Amino acid sequence: MAVTEVEGSPPEASARRGLLRYNSPLAQVSLLGLICFCCPGMFNALSGLGGGGQVDNTTADNANTALYSCFAVFGVLGGAAHNLLGPRVTLLIGALTYPLYAGSFLYYNHHGTQAFPVAAGALLGAGAGFLWAAQGAIMTSYPPPNRRGTYISIFWCLFNLGGVFGGLLPFYFNYNRGDTPASVNDGTYIGFMAFMLVGAALTVLVLPPARIVRNDGTNATRVTFSSPATEGAEILKLFANWKMLLVLPAAWASNFFYTYQFNNVNGALFTLRTKGLNNVFYWGAQMLGSAGIGYFLDFGFASRRKRGLFGVLVVALVGTAIWGGGLANQLKYNHGKLANRIDFKDSHRYPGPFLLYFSYGLLDAMFQSLIYWIIGALANDSQILSRYAGFYKGVQSAGAAVAWQVDRHNAPLVSQLIVNWGLMTISYPLLALLVFLAVKDEDNSVSSVEDGKEKDSKLSAPTSFH
């Protein structure tokens, strides 16, 4: 059945407009945030414990290496899957792999064999590639261009609220288990699985892109059909696209630091119950960081390009200060984990390391929200943006896979910190160059590159779609 939405549409079409409409970009982005609250949000809380909640990091390091190696491939292919299957099916396939991963560590608690967690990690890598490619397409194409930062912040807050609640699970279930290093109990993993299954169920409520209508009556994105041959050719072009090459160092850095922060800061310094509590604030800091940078990127200056450039500058300054503090902290325990771990009740030792870990969460959200905002400013077509988002997640995951093996082979902790700091520092001028060359001041104009030729395309709503 064809549906028509054009300027000057009849009164009944206008009556369907509003923030609370189920087919509004805000409603769908919020739904997406709830899905990610339950699935990757809980996964983040589990990973944030260090070692997947186990005393020995080896199993989690190997599982995450398998995860991010597959994620690197399927992240790039996920954009094609979204364009062929649509967001609902792509999100469902991805979401179902999350509870399997949490369940594999429940299995490991009883049997102690790595095979299941590593296999589950590989499957989750494929599923996460699908889920995050669909997420990227929705996040960058549905919002009005002049409110993209705000919508990214809304999603990021909902998503990271999952990490906040997920951090409370191990804090509650393991509160009375003492200060001796131990793995989290079965109830922790079962709680994670329950939330993840709810997230998978929520994917059936996602609407097709053709039905998403902004408050001004325009369609959120063009709706066209793709083919495997087209997607294969377009994916290959990404690796020669100068815009994606400028994004590449930032993408590589954007998950590389998780291994160091989770295993060698939170996992190495704090007691079991305190690690869970720290995650509540780490992911809470992500909500603050995303909201702050998102507001600035939408309302900081009249010029969109200027907002982007100053956004890069702000993140660079904040990042330099935080990593500098991290180096000062790291020099105190470069030999490895503390024998006498810090508990949240230790008023003398706890505040400094806690504030550092909190700041790492703040920086992560600011950095990734900035990247998403820049990617969203490069095009308005959901198919193009799904490929861009898939490329970003694929490169991001390749970096993470390397990082987990770097930790697996016991690289010096100061070296890990310096590499993380250096990768982010390299990315700042390249992102600024991308903003300067490719982000236009006009919100309805997009610069795109195809086959080496640059052209401007005006955002226009199709007159009909199926």
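For clarity, every value in this text was computed on a predicted model and none was experimentally measured. We're numbering straight along the sequence, starting at 1.
- Taking the ring-ring contact (aromatic ring centres under 6.0 Å, His included) definition, one finds that Phe165 meets it with Phe37, sequence neighbours left out.
- Going from atom OG of Ser141 over to atom CD1 of Ile375 covers 12.5 Å, rounded to the nearest 0.5 Å.
- Side chain of Thr90 to backbone of Pro87: no donor-acceptor contact under 3.5 angstrom is found.
- Residues Phe71 and Leu124 form no side-chain contact, since every pair of their non-hydrogen atoms from C-beta on lies 4.5 Å or further apart.
- Contact check for Val89 versus Phe130: no side-chain heavy atoms found under the 4.5 Å cut-off.
- Residues Phe354 and Phe281 bring their aromatic ring centres within 6.0 Å.
- With no hydrogens or angles considered, a side-chain donor-acceptor pair links Gln135 and Tyr372 at under 3.5 Å.
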Distance-only donor-acceptor hits, side chain of residues 312-329, under 3.5 Å, sequence neighbours excluded:
unit_1	atom_1	unit_2	atom_2	d
Thr320	OG1	Ala316	O	2.8

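- Between Val265 and Asn278, every side-chain heavy-atom pair lies at or beyond the 4.5 Å cut-off.
- No donor-acceptor pair under 3.5 Å is formed between the side chain of Arg148 and the backbone N or O of Asp298.
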Begin with the C-alpha distance, continue with both residues' side-chain angles, and end with the deciding distance and a verdict on side-chain contact (heavy atoms from CB on, under 4.5 Å) for Met42 and Tyr98. CA-CA 9 Å; Met42 292 295 158; Tyr98 282 86; over 6 Å; no
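- For the pair Leu96 and Ala200, the tightest heavy-atom approach, listed with the atom from each and the gap, is CD2-CB, 3.8 Å.
- Across all non-hydrogen atoms, the minimal contact from Val213 to Pro25 is O-CD, 3.4 Å.
- Surrounding CZ of Phe299 are more than 12 heavy atoms belonging to other residues, nucleotides or ligands, all under 6.0 Å away.
- Residues satisfying the side-chain contact (heavy atoms from CB on, under 4.5 Å) test with Ala398, not counting sequence neighbours, are Ala72, Trp252.
- Listed for the Ser254 side chain is a donor-acceptor partner under 3.5 Å among the backbone atoms of Ala251.
- You'll find the side chain of Gln396 reaches within 4.5 Å of the side chain of Gln368, heavy atoms only.
- Here the side chains of Tyr22 and Leu31 are in contact, with some heavy-atom distance below 4.5 Å.
- For Tyr360 and Phe257, the ring centers are positioned 6.0 Å apart or more.
- Every residue two or more places apart in sequence or in another chain was checked for a ring-ring contact (aromatic ring centres under 6.0 Å, His included) with Phe367, and none qualifies.
- Pro144 places a side-chain heavy atom less than 4.5 Å from the side chain of Tyr151.
- Heavy atoms only, all atoms of each residue included: Val395 and Leu248 are closest at CG1-O, 3.7 Å.
- For the atom pair CZ of Phe391 and CD of Glu234, the computed distance is 14.0 Å after rounding to the nearest 0.5 Å.
- Here the closest non-hydrogen pair linking Tyr260 and Leu413 is CE1-O, 3.8 Å.
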Might you work through the side-chain contact (heavy atoms from CB on, under 4.5 Å) test for Trp373 and Ile293, ending with a clear yes or no? CA-CA 10 Å; Trp373 183 90; Ile293 195 68; over 6 Å; no
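- Checked against ring-ring contact (aromatic ring centres under 6.0 Å, His included), Tyr282 has the following partners two or more places apart in sequence or in another chain: Phe262, Tyr357.
- Taking CE of Met196 as the reference point, atom OG1 of Thr97 lies at 9.0 Å (rounded to 0.5 Å).
- With rounding to the nearest 0.5 angstrom, the OG atom of Ser415 is 11.0 Å from the CG atom of Asn420.
- Looking at heavy atoms from C-beta onward, Leu378 lies in side-chain contact with Met244 at the 4.5 angstrom threshold.
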Determine whether Leu297 and Ile152 satisfy the following criterion, side-chain contact (heavy atoms from CB on, under 4.5 Å), listing intermediate values before the conclusion. CA-CA 10 Å; Leu297 290 170; Ile152 290 172; over 6 Å; no
Intermediate values then yes/no, side-chain contact (heavy atoms from CB on, under 4.5 Å), Arg387 and Ile384: CA-CA 5 Å; Arg387 297 179 193 122; Ile384 294 172; 4.3 Å; yes
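- Of all the heavy atoms in Pro40 and Ile35, the pair that sits closest is CD-O, 4.1 Å.
- Separation of atoms CZ (Phe155) and OG (Ser290) is listed at 9.0 Å; rounding is to 0.5 Å.
- When side chains are defined from C-beta on, Ile154 counts as touching Ser30, because their heavy atoms get closer than 4.5 Å.
- Between the side chains of Tyr258 and Asn44, not a single donor N or O lies within less than 3.5 Å of an accepting N or O.
- With hydrogens and angles ignored, the 3.5 Å screen pairs a side-chain donor or acceptor of Gln416 with a backbone N or O of Ala411.
- Met424 CE to Ile426 CD1: the interatomic distance, rounded to the nearest 0.5 Å, is 12.0 Å.
- Side-chain contact check for Thr65 and Gln405: at least one donor-acceptor pair (N or O, by modelled atom type) lies under 3.5 Å.
- Side-chain atoms of Asn160 do not come within 3.5 Å of backbone N or O of Met287 as any donor-acceptor pair.
- Here the closest heavy-atom approach between residue Leu430 and residue Pro249 is recorded as CD1-CG, 3.4 Å.
- Remark: Phe358 engages no residue in a ring-ring contact (aromatic ring centres under 6.0 Å, His included) (not counting sequence neighbours).
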